[in-house]
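Every value quoted in this text rests on a predicted model; they were computed, and no experiment measured them.
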Amino acid sequence: AFWMLEEYASAVGRGYAQQVADHVGGLPRTVVLSRTPLGIQAPGVREERIGAAGSPEVRYRTTGLRLLARSGGKVLLVHDGWSLRTGTVIVLSDDDQLGWEFSR
């Protein structure tokens, strides 16, 4: 029974991943605002500095992300164009150190 349950869970997981890959463009666009660079290295992800240099208000804006899920104090993101073969899943803390913007 244990092995059958494992095979079932694996098949369901693969099916869910394929659904995500087929509909990445339908996931909410996500912008992350941070005080320090996040350094995310994934296709289509761009990080820009906003605010005046030397100012305590300097922040970073990271774009090119899609919201996959929020759970357990974590935010799971995928990048634009995510695929099963070349995709990266990004996990960030869901705390007050990051600002979030979501859109369709």
- Message: Tell me if a side-chain donor or acceptor on Ser34 pairs with a main-chain N or O of Thr36 at a distance below 3.5 Å.
- Response: yes

- Message: Which heavy atom of Leu65 sits nearest to which heavy atom of Thr62, and what is that distance?
- Response: CD1-CG2, 4.0 Å

- Tightest non-hydrogen contact, residues Pro37 and Glu47, listed as CB-OE1, 3.3 Å

- Note on the structure: Nearest heavy-atom approach of Val45 to His79 is CG2-CB, 3.8 Å

- Task: Could you check Arg29 against Arg104 for side chain to side chain contact (heavy atoms under 4.5 Å, CB included), going step by step and ending with a plain yes or no?
- Result: CA-CA 6 Å; Arg29 292 182 191 278; Arg104 282 280 170 201; over 6 Å; no

- Message: Strictly distance-based, threshold 3.5 Å: is any side-chain N or O of Ser103 a donor or acceptor partner for the main-chain N or O of Glu101?
- Response: no

- Value rounded to 0.5 Å, distance of CZ in Arg59 from CZ in Arg61: 12.0 Å

- Heavy-atom neighbours of Gln41 CD exceed 12 at 6.0 Å: no

- Item | Path from Val32 to Val91 over hydrophobic side-chain contacts below 4.5 Å | no

- Message: With a 3.5 Å distance limit and no angle check, can you tell me whether Arg66 reaches the backbone of Leu27 through a side-chain donor-acceptor pair?
- Response: yes

- Taking the side chain as every heavy atom from C-beta outward, state whether Leu38 and Leu92 have any atom pair closer than 4.5 Å. yes

- ILVMFWY network linking Leu68 to Val24, side-chain heavy atoms under 4.5 angstrom: yes

- Note on the structure: Closest heavy-atom pair, Trp82 versus Val89, reported as atoms and distance to 0.1 Å, is NE1-CG2, 4.0 Å

- Query: Between Leu33 and Ile50, which heavy-atom pair has the shortest distance, and what is it?
  - Reply: CD2-CD1, 4.1 Å

- 4.5 Å side-chain heavy-atom contact, Val31 and Trp100: no

- For Leu77 and Leu67, the nearest pair of non-hydrogen atoms, with its separation, is CD2-CA, 3.9 Å

- Note: Asp94-Lys74 ion pair, threshold 4.0 Å (strictly below): no

